[in-house]
> 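Let me begin by handing over the structure; questions about it come next.
Every chain is numbered from 1, with letters handed out A, B, ... down the list of sequences.
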Amino acid sequence: MPELPEVETIARELKPFLEGKRIVKIEIFKPELTVGISPEMLEGKTINRVRRRGKYLILDLSDGSGLLFHLRLTGRLYLNPGPEINPGLLIHTEGNLTLSFHDPRKLGRAYWHPAPDEFLSFLGPEPLAEGFTPQELYRILSERKASVKAVLLDQRNLAGIGNIYADEALFLAGINPRRPASSLSWEEAEKLYQAIREVLAEGIERRGTTLSAYRDAFGRRGENQLSLRVFRRTGKPCPRCGTPIERIKVAGRSSHYCPKCQPI
DNA sequence: CAATCAACCTGGGTGC
DNA sequence: TGCACCCAGGTTGATT
């Protein structure tokens with residue numbers, strides 16, 4: 001579920017509470033959700049910074065190491081959860097705060113790594129970063145033979161885009177998800193660049209998309225599902241031309257598009 | 001190297 | 001209401 005806007009929302013919410021706080025206790029209830037985390041090693045360290053990279057949430061610790069969370073499809077991070085939550089991991093900090101990580105489907109992971117940026121060095125550029133340009137997107141696309149949708153979803157090319165925002169961006173840009181990435185013209189790449197930035201910024205503004213599982217750090221739903229143009233709107237009219245939205249499989253994922261506005 | 005696909009798990013929605 | 005079936009916002013590792 002959580003793509004860039006959802007993780008960004010959680011990071012922004014946690015930041016004012018957790019930055020500067022010392023970890024006083026860590027409890028692991030579901031070891032299968034954790035990788036490399038040893039409570040004794042981490043207790044006493046301070047959370048220097050809360051940030052996001054791609055779909056990862058990072059807590060930078062005072063010794064340069066980091067706790068990283070990937071929510072995959074159904075993982076959640078709650079600040080001060082209620083008693084009904086069944087956590088896999090609890091991180092208690094000074095100030096009597098608790099960060100809870102849980103995932104009923106057990107696909108999400110919490111990692112500890114001595115050098116978080118090294119751990120995440122496989123990720124492509126941040127699409128919302130100042131330094132990310134249409135030229136760079138065009139270069140990435142022109143080097144790949146796979147479908148443009150597959151290229152957008154591959155985190156090594158661009159970090160943070162998932163199935164929802166890929167479909168939404170391709171619709172805004174008027175590009176068919178099955179088009180080979182390298183077949184896009186410079187003008188199309190430029191359009192796609194703007195579309196990606198727009199849908200991600202909108203997603204953040206509306207605090208993420210809640211179709212089912214996603215909740216923010218306070219357990220609230222996002223609002224972006226109300227603004228989706230094509231994603232999971234099969235059969236409904238295209239917001240631009242009224243043609244029914246179609247669903248097809250691309251890169252193994254269901255993809256939603258307008259056959260008239262996004263011709264092959 | 002590139003593309004495809006099954007597997008990881010479980011819960012929610014749908015249709016009979 | 002019960003049950004079978006399909007689907008899932010992601011990633012990875014095996015296979016072709």
> Expressed in angstrom and rounded to an integer, what is the separation of D103(A) atom CG from dA8(C) atom C1'?
12 Å
> Is any side-chain N of the basic residue among D103(A) and R76(A) closer than 4.0 Å to the acidic one's carboxylate O?
no
> Strictly below 4.0 Å: does Q155(A) bring a side-chain N or O up to OP1 or OP2 of dG10(C)?
no
> If you look at every strand shown and take non-hydrogen atoms under 4.0 Å, does T210(A) touch a base, only sugar-phosphate, or nothing?
base
> Taking atom P in both dC9(B) and dA4(C), what distance in whole Å separates the two?
23 Å
> According to a strict under-4.0 Å criterion, is R105(A) in side-chain N/O contact with OP1 or OP2 of dT11(C)?
no
> Could you state the atom-to-atom distance from CZ of F122(A) to C1' of dG10(C) in whole Å?
11 Å
> Would E43(A) and R22(A) pass as an ion pair if we require N to O under 4.0 Å?
no
> Between R144(A) and G252(A), which is nearer to the 5' end of DNA chain B once each is assigned its nearest nucleotide?
R144(A)
> More than 12 foreign heavy atoms under 6.0 Å from NZ of K30(A): is that the case here?
yes
> Looking at R139(A) and E136(A), does any basic side-chain N land under 4.0 Å from a carboxylate oxygen?
yes
> To the nearest Å, give me how far apart CZ (R72(A)) and C1' (dT11(C)) are.
5 Å
> Any ion pair linking E126(A) and R53(A) (charged N to carboxylate O, less than 4.0 Å)?
yes
> Can you tell me how far C1' of dG10(C) sits from CZ of R253(A), to the nearest Å?
6 Å
> Quick one, Q135(A) and Y193(A) - any side-chain contact, counting heavy atoms below 4.5 Å?
no
> Classify R247(A) by what it touches in the nucleic acid, base, sugar-phosphate, or nothing, heavy-atom distance under 4.0 Å.
sugar-phosphate
> Report the C-alpha separation of T34(A) and W112(A) in whole Å, then their side-chain angles, then the decisive distance to 0.1 Å, and conclude whether the side chain to side chain contact (heavy atoms under 4.5 Å, CB included) test is met.
CA-CA 8 Å; T34(A) 73; W112(A) 177 81; over 6 Å; no
> When you check the phosphate oxygens OP1 and OP2 of dT11(C), does a side-chain N or O of H70(A) lie under 4.0 Å from one of them?
yes
> Calculate the interatomic distance between Y111(A) atom OH and dG10(C) atom P; express it in whole Å.
14 Å
> For F119(A) and dT12(C), give me the distance from atom CZ to atom C1', rounded to whole Å.
13 Å
> Shoot me the first and last contacting nucleotide of DNA chain B against chain A, ordered 5' to 3', at under 4.0 angstrom to non-hydrogen atoms.
dA3(B) to dT10(B)
> Is it true that D117(A) and R51(A) have a side-chain N and a carboxylate O under 4.0 angstrom from each other?
yes
> Let me spell it out: for each of K106(A) and A251(A), pick the nucleotide of DNA chain B with the closest heavy atom. Which residue's pick is nearer the 5' end?
A251(A)
> In whole Å, what is the span from the CG atom of L68(A) to the P atom of dT11(C)?
14 Å
> Anything below 3.5 Å on both distances counts as a pair; with that, list the stems of at least three consecutive Watson-Crick or G-U pairs involving DNA chain B.
B:2-8 with C:10-16, B:10-16 with C:2-8
> Within a strict 4.5 Å, meaning less than it, do heavy atoms of the L99(A) and F17(A) side chains meet?
no
> Surrounding CZ of R240(A) (heavy atoms of other residues, nucleotides or ligands, distance under 6.0 Å), is the total greater than 12?
no
> Grab the NZ-C1' distance between K149(A) and dG10(C) for me, whole Å please.
12 Å
